[in-house]
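Everything on this sheet refers to the single structure shown next.
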There are 2 protein chains.
Amino acid sequence: MTDRLANRREVKAPTGSELNCLSWTTEAPFRMLHNNLDREVAENPDELVVYGGIGRAARTWADFDRISTALKTLREDQTLLVQSGRPVGVFETHKDAPRVLIANSNLVPHWATWEKFNELDRKGLMMYGQMTAGSWIYIGTQGIVQGTYETFVEAGRRHYSGDLKGRWILTGGLGGMGGAQPLAAVMAGACCLAVECNPDSIDFRLRTRYLDEKAETLDEALEMIERWTKAGEAKSVGLLGNAADIFPELVKRGVKPDIVTDQTSAHDPVNGYLPLGWTMAEWRTKRETDPKAVEKAARASMKIHVQAMLDFWNADVPTLDYGNNIRQMAFEEGLEKAFDFPGFVPAYIRPLFCRGVGPFRWAALSGDPEDIYRTDEKVKELLPDNAHLHNWLDMARARISFQGLPARICWVGLGDRHRLGLAFNEMVANGELKAPVVIGRDHLDSGSVASPNRETEAMKDGSDAVSDWPLLNALLNTASGATWVSLHHGGGVGMGFSQHAGMVIVADGTEDAARRLKRVLWNDPASGVMRHAHAGYDDAVACAQEMGLELGLSK
Amino acid sequence: MTDRLANRREVKAPTGSELNCLSWTTEAPFRMLHNNLDREVAENPDELVVYGGIGRAARTWADFDRISTALKTLREDQTLLVQSGRPVGVFETHKDAPRVLIANSNLVPHWATWEKFNELDRKGLMMYGQMTAGSWIYIGTQGIVQGTYETFVEAGRRHYSGDLKGRWILTGGLGGMGGAQPLAAVMAGACCLAVECNPDSIDFRLRTRYLDEKAETLDEALEMIERWTKAGEAKSVGLLGNAADIFPELVKRGVKPDIVTDQTSAHDPVNGYLPLGWTMAEWRTKRETDPKAVEKAARASMKIHVQAMLDFWNADVPTLDYGNNIRQMAFEEGLEKAFDFPGFVPAYIRPLFCRGVGPFRWAALSGDPEDIYRTDEKVKELLPDNAHLHNWLDMARARISFQGLPARICWVGLGDRHRLGLAFNEMVANGELKAPVVIGRDHLDSGSVASPNRETEAMKDGSDAVSDWPLLNALLNTASGATWVSLHHGGGVGMGFSQHAGMVIVADGTEDAARRLKRVLWNDPASGVMRHAHAGYDDAVACAQEMGLELGLSK
Ligand SMILES: NC(=O)c1ccc[n+]([C@@H]2O[C@H](COP(=O)([O-])OP(=O)(O)OC[C@H]3O[C@@H](n4cnc5c(N)ncnc54)[C@H](O)[C@@H]3O)[C@@H](O)[C@H]2O)c1
Ligand SMILES: NC(=O)c1ccc[n+]([C@@H]2O[C@H](COP(=O)([O-])OP(=O)(O)OC[C@H]3O[C@@H](n4cnc5c(N)ncnc54)[C@H](O)[C@@H]3O)[C@@H](O)[C@H]2O)c1
């Protein structure tokens with residue numbers, strides 16, 4: 001049995017320009033691992049959980065220590081291997097190779113179930129890496145704000161002529177990612193009612209200014225929504241309750257939100273979703289003592305939850321799955337029409353993926369917010385005509401609290417990413433920034449994931465389930481010299497439902513870094529354009545031509 | 001629909017020392033791709049099938065052409081990506097990065113079934129890569145001879161005091177891999193009766209001297225076996241028939257072989273296993289017109305086949321699954337005790353894996369058999385005390401016909417592989433060899449595969465299904481500078497049941513190559529020792545200590 005709490009402690013990423021490791025290429029993963037477990041960043045750092053159900057940064061605290069120790073002495077011609085959050089070997093490689101290679105939660109397909117995973121997890125043989133948790137580039141809730149904002153804005157464009165004023169969004173879940181929803185809604189001009197069963201999560205979002213108000217009863221929450229929408233004010237409220245209770249109640253009352261979605265951790269029926277009628281305390285205990293009973297009850301509740309979403313959908317309310325695989329769970333419970341309403345990627349995001357645009361991000365290893373503000377300015381300078389992006393950066397600066405190391409997320413694509421990376425590298429070189437920055441992205445990106453109920457839902461050529469693509473992405477990033485590269489299974493949608501790859505690269509101001517940045521930040525988004533071009537998307541084919549990619553597309 | 005026969009032609013690897021591509025690091029994959037489809041090497045080259053059911057080297061002949069064309073102009077700072085046998089992009093990398101990165105047949109686990117694969121295959125979106133077929137390091141049937149030989153020798157040691165004289169082995173299947181069985185048995189001193197339903201396969205093995213005789217009836221075959229075993233002669237006979245018919249018939253007659261196994265392509269119930277009572281012609285047609293009916297009939301026959309194997313097992317005949325997943329198929333058909341008899345890896349091979357020993361191999365790009373004979377001598381010179389290996393090399397030279405480019409297989413492990421690689425590289429440099437050699441291995445190796453019914457069956461710590469390990473192996477080989485690296489799914493045991501990685505590296509006589517050989521041929525087997533050491537095998541822990549690996553094993 002793994003005792004996740006053993007040796008727990010408070011960690012924070014070191015800041016400033018002094019090294020704890022031999023070089024910035026090892027200092028960077030060292031700081032980012034620490035940052036992922038900072039109490040300001042992680043959902044449940046005591047148990048090494050960063051976000052997304054049980055998405056962890058290291059298998060145990062002892063493994064955290066071993067990884068840290070290994071990184072401290074790792075040379076620039078060595079590579080550390082990490083297997084499901086445990087360091088398993090150091091090998092001689094070379095300067096242009098990654099310093100860390102990570103594989104998390106991967107199971108041979110026939111055994112790729114939560115049941116098998118949980119058994120291995122309990123035995124201490126595995127760890128759930130989610131996406132950026134186990135690959136050390138989670139940057140707090142802001143990581144998802146822009147994606148959620150872009151989705152809501154796009155939904156507003158499609159369904160409400162681009163104007164969300166006086167409109168409101170119903171959703172569930174205010175966790176690590178889901179907590180971004182109220183702020184993103186408000187930024188997009190809408191109100192938001194978010195149902196969350198954990199009072200701590202609500203308070204966390206209030207404290208970090210992602211949420212405006214909280215309510216204990218549905219009446220109270222609806223009263224606020226009515227007041228705000230009437231006044232044309234964009235504000236948000238977190239309602240303490242169970243989504244599987246509140247959603248059907250709203251249907252029964254005939255209340256019609258303007259957009260409906262959900263971000264409870266439905267992908268993990270044992271650890272991520274509170275069953276209907278259960279208290280939080282009951283849930284916590286039973287997760288340990290009777291996980292099967294929890295799973296059964298959670299799945300039954302999800303069916304009720306999704307039925308309510310279908311009712312909204314059938315009443316012409318734009319309804320979308322927000323990537324937590326809740327439709328699949330309900331479908332497996334016998335709800336045949338669960339997939340009637342779409343996922344958010346085919347509905348709103350795919351056109352961006354066709355141009356390699358996705359959740360690009362960077363963090364200032366100095367710990368100094370000024371470093372991020374300077375990069376914000378640099379982005380505006382390098383992309384002078386992108387008004388939407390400028391607007392985003394202004395709002396982000398005004399509204400988003402940094403958590404842990406200051407960081408910025410910014411959806412940009414092929415052709416822009418490497419320019420930003422090279423510019424940041426120069427800013428490090430000439431002292432404009434106080435220390436190096438790390439540059440990475442979510443695994444939810446253009447070329448790095450196969451997830452048929454989410455990122456690759458309804459691909460044009462029917463290749464949703466083909467996972468050659470994210471594996472090629474990881475191999476290519478390794479060959480191109482990213483600083484760390486990871487291959488995960490089960491992120492976002494849970495065991496069996498996805499395979500995906502992560503990459504992070506350091507801009508330490510050296511010429512070595514510039515050479516690698518140019519390759520990695522070009523090849524990585526290019527592999528996304530490649531994936532979509534081969535699937536037959538005209539936008540991607542056009543982008544490939546424009547950018548001069550050699551994809552051998554002629555058939 | 002993919003027309004696999006369109007544009008079919010005869011191919012042979014170019015030989016000699018003139019380049020068709022810009023460098024030997026691209027010439028090598030160019031020649032090896034051609035070599036895999038040489039009529040002397042491949043089982044069904046017209047349809048691009050190399051071995052193991054429908055294991056292919058390229059998706060279509062048009063893709064073969066595109067890969068060839070891309071390799072011809074690929075520079076040493078570029079990398080070609082291949083997705084399920086189709087070239088999908090060329091990217092800028094660097095000299096120490098692989099020239100080709102390959103991902104074949106990978107499916108997101110929930111969809112990782114033959115049914116889904118076949119649907120995607122028919123749509124032209126996928127290809128089954130088996131292990132060395134899609135990663136271009138298949139070297140004909142000899143590739144498996146030594147492994148089979150080592151297995152039979154070890155079985156003889158365990159069950160018959162090391163003496164197989166007068167003993168006989170019953171098996172099924174004389175295909176690309178299975179065809180090695182009669183020769184391996186004979187080399188190990190035993191007789192062999194191999195049941196094979198395809199007369200062409202029998203004739204192919206006779207022609208290439210892997211098989212001594214053929215028989216049309218069971219009586220005829222048994223008469224030969226009796227005669228040979230009595231005389232203490234080691235000889236082999238291929239019996240034309242269906243294993244699902246012959247095995248139970250032998251049980252019924254009370255005939256007791258000394259060892260029982262099987263190498264039909266049971267891993268692929270649609271394309272690999274002739275149903276009981278069907279003619280070959282019927283089978284071929286129905287595979288196209290009604291694959292579901294074929295699968296159903298094949299699975300039912302496998303149940304009968306495995307029941308007969310269980311009957312032998314229960315009658316105290318050493319019986320083993322030879323890695324074709326036939327136990328799983330029978331189990332799924334309701335044969336609960338299917339897994340009563342063991343797989344060959346836990347039974348005989350794992351102690352070798354603990355020291356990184358596995359099916360290492362190399363091929364002479366010159367096409368000159370003398371180059372292989374010279375490397376044979378070099379191996380003996382560098383490993384002077386390994387009498388077993390010397391014996392193997394002598395027998396191989398005497399009995400094994402080269403197919404396509406001359407090649408040699410030789411099970412060696414960590415500490416030896418890189419020494420051989422560096423020595424071969426020097427032989428190229430100083431002109432002892434006429435052209436470069438490529439050095440690789442099967443995916444069935446110490447650190448490169450997760451396959452719970454085969455290579456990772458019954459691991460000591462219960463980590464059979466954890467596939468982080470082969471993914472790390474592929475990433476590490478990419479970081480170390482192998483010439484090509486591949487990640488496959490479903491090899492050996494079929495869709496859903498395995499994930500595995502391949503690597504090949506060129507010894508072109510340069511110092512660049514020496515640097516890479518030293519890293520790759522050390523790190524690759526070391527990752528196998530790592531995998532077994534972390535699983536708790538004492539042999540592996542001892543090997544790691546002896547070799548000075550940094551595995552962070554202290555807990
Ligand atoms: N669409 C995307 O871009 C995207 C990105 C990342 C994650 N996700 C998915 O979104 C989901 C949420 O991610 P997260 O990081 O916020 O997870 P999390 O586990 O940190 O948060 C989930 C929250 O849901 C709450 N919750 C659970 N059951 C509930 C119920 N019945 N009613 C109300 N609240 C309930 C929990 O208390 C928790 O606060 C996950 O499934 C994740 O995989 C989507
Ligand atoms: N143990 C190992 O090291 C190892 C290595 C590689 C492959 N394998 C597995 O062994 C199996 C055979 O591989 P291969 O490359 O020889 O495959 P193959 O498809 O080339 O050959 C299979 C042979 O079995 C014959 N066959 C099919 N059904 C039969 C039946 N009912 N009765 C008699 N003969 C029948 C076919 O005619 C064919 O000649 C595969 O499942 C493969 O995955 C094992």
Side-chain angles (χ1 to χ4, degrees), chain A residues 66 70 79 81 83-84 87-94 96-98 101 103-104 106-112 116 120 123 125-126 450-452 461-463 465-469 471-472 474-476 478-481 485 487 489 496-499 519 522-523 526-527 530 534 549-552, chain B residues 66 70 79 81 83-84 87-94 96-98 101 103-104 106-112 116 120 123 125-126 450-452 461-463 465-469 471-472 474-476 478-481 485 487 489 496-499 519 522-523 526-527 530 534 549-552:
Chain A
R66 281 186 216 119
T79 296
L81 304 196
Q83 181 260 325
S84 283
V88 291
V90 169
F91 295 86
E92 311 285 307
T93 55
H94 57 86
D96 267 15
L101 294 169
N104 283 326
N106 296 285
L107 287 168
V108 177
H110 185 70
W111 291 265
K116 186 74 193 175
L120 292 163
K123 273 193 187 166
L125 294 169
M126 288 214 108
S451 184
D461 62 347
S463 61
V466 179
S467 60
D468 293 332
W469 302 101
L471 301 181
L472 287 175
L475 294 174
L476 179 61
T478 302
S480 303
V485 174
L487 266 173
H489 159 241
F497 291 96
S498 60
Q499 282 175 278
R519 280 197 302 252
W522 178 271
N523 289 348
S527 82
M530 166 182 85
H534 280 284
L549 301 186
E550 265 187 69
L551 305 183
Chain B
R66 279 185 218 121
T79 296
L81 303 195
Q83 182 260 325
S84 282
V88 291
V90 169
F91 295 86
E92 311 285 307
T93 54
H94 57 86
D96 267 14
L101 294 169
N104 284 326
N106 296 285
L107 287 168
V108 177
H110 185 71
W111 292 265
K116 185 74 192 177
L120 292 163
K123 273 192 186 166
L125 294 169
M126 287 214 109
S451 183
D461 61 347
S463 61
V466 179
S467 60
D468 293 332
W469 302 100
L471 301 181
L472 287 175
L475 294 175
L476 180 61
T478 302
S480 303
V485 174
L487 265 173
H489 158 241
F497 291 96
S498 61
Q499 283 175 277
R519 280 197 303 252
W522 178 272
N523 289 348
S527 82
M530 165 182 84
H534 281 284
L549 301 186
E550 265 186 69
L551 304 184

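Just the heavy atoms: all of them, side chains too, but no hydrogens, waters or symmetry mates, feed the values below. Residue numbers begin at 1 in each chain, while the letters A, B, ... track the order of the sequences.
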- [ ] To the nearest 0.5 Å, tell me how far Leu471(A) CG sits from Gln499(B) CD.
- [x] 8.0 Å

Open item on the list: Please rank Ser467(B), Ala474(B), Ala97(B), Gly481(B) by heavy-atom pairs under 4.5 Å with chain A and give me the top one.
Closed with: Ser467(B)

- [ ] Compare all side-chain heavy atoms of Asp461(A) with those of Leu125(B) and state whether any distance is below 4.5 angstrom.
- [x] yes

Open item on the list: Could you report the tightest heavy-atom contact between Val108(A) and Phe497(B), atom names first, then the distance?
Closed with: CG1-C, 3.3 Å

TODO: Below 4.5 Å from any heavy atom of chain B, which atoms of Ser498(A) appear? Answer side chain, backbone, both or neither.
DONE: backbone

- [ ] Kindly compute the distance separating OG1 (Thr478(A)) from CG (Leu101(B)), expressed to the nearest 0.5 Å.
- [x] 8.5 Å

Task: Straight-line distance of Leu475(A) CG to Leu487(B) CG, nearest 0.5 Å - done: 5.0 Å

Task: Considering all heavy atoms, the nearest Met530(A)-Leu81(B) contact - done: CE-CD1, 3.7 Å

Task: For His489(A) against Pro109(B), the heavy-atom pair lying closest together - done: NE2-CG, 3.6 Å

Open item on the list: Testing the basics here: between Trp111(A) and Gly496(B), what is the closest heavy-atom pair and its distance to 0.1 Å?
Closed with: CZ3-O, 4.1 Å

TODO: Look up atom CG in Asp468(A) and atom OG in Ser84(B), then write down how far apart they are to the nearest 0.5 Å.
DONE: 3.5 Å

Open item on the list: How long is the straight-line distance from CZ of Phe91(A) back to CG of Leu549(B), given to the nearest 0.5 Å?
Closed with: 6.5 Å

Task: chain A contacts, top residue of Ser480(B), Ala465(B), Gly89(B) (heavy-atom pairs, under 4.5 Å) - done: Ala465(B)

Open item on the list: I'd like to know if the side chain of His94(B) and the backbone of Ala479(A) have a donor-acceptor N/O pair within less than 3.5 Å.
Closed with: yes

Task: Closest-packed option against chain B by number of heavy-atom pairs under 4.5 Å, given Glu92(A), Lys116(A), His110(A) - done: His110(A)

Task: From CG (Asn106(B)) to CG (Leu472(A)), nearest 0.5 Å - done: 8.5 Å

- [ ] Over all heavy atoms of both residues, which pair between Val466(B) and Gln83(A) is shortest? Give the atoms and the distance, please.
- [x] CG1-NE2, 3.5 Å

TODO: Would you mind telling me which of Gly462(B), Ala112(B), Pro452(B) has the largest number of heavy-atom pairs within less than 4.5 Å of chain A?
DONE: Pro452(B)

Open item on the list: Show the nearest heavy-atom pair for residues Pro87(A) and His534(B), with the distance to one decimal.
Closed with: O-CE1, 4.3 Å

